[in-house]
A.B. asks: 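Questions regarding the structure given below will be posed in turn.
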Amino acid sequence: MDIDWKSDLEEWLVPFLGALGNKARSRMCPAYVAGLIGSGDRKSIQPMAARDGQVGYDQLHHFIASGAWNGVPLEKVLLAEADKMVGSDDAWLIIDDTALPKKGERSVGVAPQYASSLGKTANCQSLVSATLASREVPVMVGLRLFLPETWTDNPERMTRARVPKDRQIALTKPEIAIQEIDRVIASGVRFGCVLADSGYGSSGPFRQALSERGLLWAVGLSRRQNVYPADVALVFPVAKTGKRRKYHIPDRPPRSAEATLAGEKWRKVNWRRGTKGQLTCRFAARRVRVADGHKHRMLDNRMQCMPGDEVWLVGERRSTGEQKYYVSNLPADATIMMLAAAIKARWICEQAHQQMKEELGLDHFEGRSWTGLHRHALMTMIAYAFLQSRRLKAAGRKKKNPRTATTAEHARHQAGHPRPLRAASNPAMPSL
């Protein structure tokens, strides 16, 4: 990074400091963000204060852990800046979660839970994330802590960790995600489609909540999820004995997502150009109705979910032999390329998680409180957004280079006239 980044940071932070509205905090905020971006392997408060030399540990600690200020105005500024950078009707809003490994049991939200980044159950904190992304440029706009039952069942423990009263309730990760999506929508941020993995997509209420908000979505699904054919009919069976049945039932039984696509034609799709060439997988798609409607008791006394709305069921076969399944409410005339592009666009949020941990110290916070953790996460998101703004400016300068006129023209077409739900090229973007 060039030597002018600190002066650029001061200018970029002006709207954030205006939202803080306090002279002392307006001094601590740039110092904290600069500490996250600057050199040094450890991005916790003590080493950042030592490297800065102009602010003390007590000042930075008070700003993050105990100062009486509201982070909501800064979150609104962050959303506005993200929208300026990558917001559009063709942008993705990606829902995911990331784990912060943690020892002990007093840090807020810490519990043995599955950490996808580690691929196993570990003692950690789990943050639900919301990422706005376009043209393979992600900007993180939300990080919210998930509280396991071992915390929500213990009010004294939550009070000790300074969890706000309105947050001391048991919420699933999909429920937290819907709250974050509502916050993004209320801010006026532009995006075209919500993406999520099967941890969220396998939740019927999550998918239904997205549809109720009029959103397009493409989410992961369990291979065991039952689905009906798109042309399933509801019939009114005649009971052989007893009272006449009151409800219609499907004329065919449901099958698992895996079994439904087993006999379909699988097509090879090049969904993105990577550093080593085209990334390729095989995909199959079929219109179905997911068995996530209301439950009825069938003639054989089984409880069975009724068909929901018509959607796309998509399967992916990777070169490793692994198979994944997805479901999407993209239009019925969507092509397999459009479906694959939407599904695979989710990878960019994982890159953002990794960069925020490795380069900005998202997982370096050593405090125990809800307030401190969320303020640290907010400062990390602000630092990441600043770096992405510089990345976009650098890419813009490259496009204007007369020696690469052909490449620039192609990039301009991709950026200025993006084709919705298509696989985008991979423009040359400087790394963070």
Side-chain angles (χ1 to χ4, degrees), residues 95 172 174 177-178 193-240 243-267 269 281-317 322-343 346 421:
I95 300 300
T172 65
I178 290 298
C193 187
V194 176
L195 309 179
D197 66 12
S198 60
Y200 299 85
S202 294
S203 166
F206 177 74
R207 299 192 306 270
Q208 291 157 11
L210 295 178
S211 295
E212 288 168 3
R213 286 157 175 77
L215 300 172
L216 292 176
W217 44 266
V219 297
L221 192 73
S222 168
R223 63 184 176 87
R224 298 183 180 89
Q225 172 66 54
N226 281 337
V227 299
Y228 294 93
D231 59 352
V232 65
L234 293 177
V235 297
F236 200 79
V238 177
K240 295 180 179 179
K243 294 182 179 180
R244 183 180 178 183
R245 293 187 64 87
K246 296 181 179 180
Y247 303 105
H248 292 79
I249 62 172
D251 63 349
R252 281 165 285 178
R255 301 174 69 196
S256 70
E258 185 178 35
T260 299
L261 289 181
E264 291 293 314
K265 182 179 179 180
W266 293 74
R267 288 181 49 193
V269 176
C281 289
R282 291 190 175 275
F283 288 88
R286 180 178 174 179
R287 297 291 283 177
V288 299
R289 295 182 183 272
V290 182
D292 59 1
H294 52 279
K295 291 184 178 180
H296 280 346
R297 189 173 297 280
M298 307 304 288
L299 293 175
D300 57 4
N301 223 28
R302 292 181 299 108
M303 293 301 292
Q304 183 171 310
C305 289
M306 296 297 101
D309 295 333
E310 185 177 327
V311 293
W312 282 106
L313 174 65
V314 185
E316 175 195 1
R317 286 179 177 171
E322 184 181 17
Q323 295 194 179
K324 295 285 186 178
Y325 296 87
Y326 310 88
V327 65
S328 173
N329 71 339
L330 291 183
D333 61 355
T335 65
I336 192 72
M337 178 66 78
M338 294 165 67
L339 293 166
I343 288 165
R346 196 186 65 80
L421 307 177

A.B. asks: Quick one, Asp309 and Asn329 - any side-chain contact, counting heavy atoms below 4.5 Å?
C.D. replies: no

A.B. asks: Heavy atoms, side chains only, cut-off 4.5 Å: are Phe206 and Ile178 in contact?
C.D. replies: yes

A.B. asks: Please report the closest heavy-atom contact between Ala218 and Cys193, naming both atoms and the distance.
C.D. replies: N-SG, 4.0 Å

A.B. asks: Would you check if Val314 and Val327 make a side-chain contact, meaning some heavy-atom pair closer than 4.5 Å?
C.D. replies: no

A.B. asks: Compare every heavy atom of Leu221 with every heavy atom of Ser198, then report the nearest pair and how far apart it is.
C.D. replies: CB-N, 3.7 Å

A.B. asks: Is the shortest side-chain heavy-atom distance between Val227 and Arg289 below 4.5 Å?
C.D. replies: no

A.B. asks: Using the side chain to side chain contact (heavy atoms under 4.5 Å, CB included) criterion, which residues pair with Arg267? Sequence neighbours excluded.
C.D. replies: Ile336

A.B. asks: Nearest heavy-atom pair of Ala257 and Tyr325: which atoms, and what distance?
C.D. replies: O-CE2, 4.0 Å

A.B. asks: Just grab all the salt bridge (charged side-chain N to carboxylate O under 4.0 Å, His left out) pairs involving residues 216-225, residues at least two apart or on different chains.
C.D. replies: Arg223-Glu258

A.B. asks: Using atom types as modelled and distance alone, determine if a side-chain donor or acceptor of Ser202 lies under 3.5 Å from a backbone N or O of Ser222.
C.D. replies: yes

A.B. asks: For the residue pair Tyr228 and Ala291, what are the closest heavy atoms and their distance?
C.D. replies: CE1-CB, 3.5 Å

A.B. asks: Can you find a pair of side-chain heavy atoms, one from Arg282 and one from Val269, that are under 4.5 Å apart?
C.D. replies: no

A.B. asks: Should Arg252 and Asp231 count as an ion pair when the cut-off is N to O under 4.0 Å?
C.D. replies: yes

A.B. asks: Under a plain distance cut-off of 3.5 Å, with no hydrogens placed, do Glu316 and Tyr326 share a side-chain donor-acceptor pair?
C.D. replies: yes

A.B. asks: Does the cation-pi check pass for Arg286 over Trp312, that is, NZ or CZ under 6.0 Å from the six-membered ring centre and within 45° of its axis?
C.D. replies: no

A.B. asks: Scan the side chains in residues 208-216 for donor-acceptor partners under 3.5 Å anywhere in the protein, sequence neighbours excluded, and list what turns up.
C.D. replies:
unit_1, atom_1, unit_2, atom_2, d
Gln208, NE2, Asp292, O, 3.3
Ser211, OG, Arg207, O, 3.3
Ser211, OG, Trp217, NE1, 2.9
Arg213, NE, Asp182, OD1, 2.6
Arg213, NH1, Ala209, O, 3.0
Arg213, NH2, Asp182, OD2, 3.0

A.B. asks: Locate the shortest heavy-atom distance separating Ala177 from Ile95; write the atom from each residue and the value.
C.D. replies: CB-CG2, 3.5 Å

A.B. asks: Side chains of Arg346 and Asp197: closer than 4.5 Å at any heavy-atom pair?
C.D. replies: yes

A.B. asks: Which heavy atom of Ala285 sits nearest to which heavy atom of Leu261, and what is that distance?
C.D. replies: C-CD2, 4.3 Å

A.B. asks: Any side-chain heavy atom of Val219 within less than 4.5 Å of one from Tyr200?
C.D. replies: no

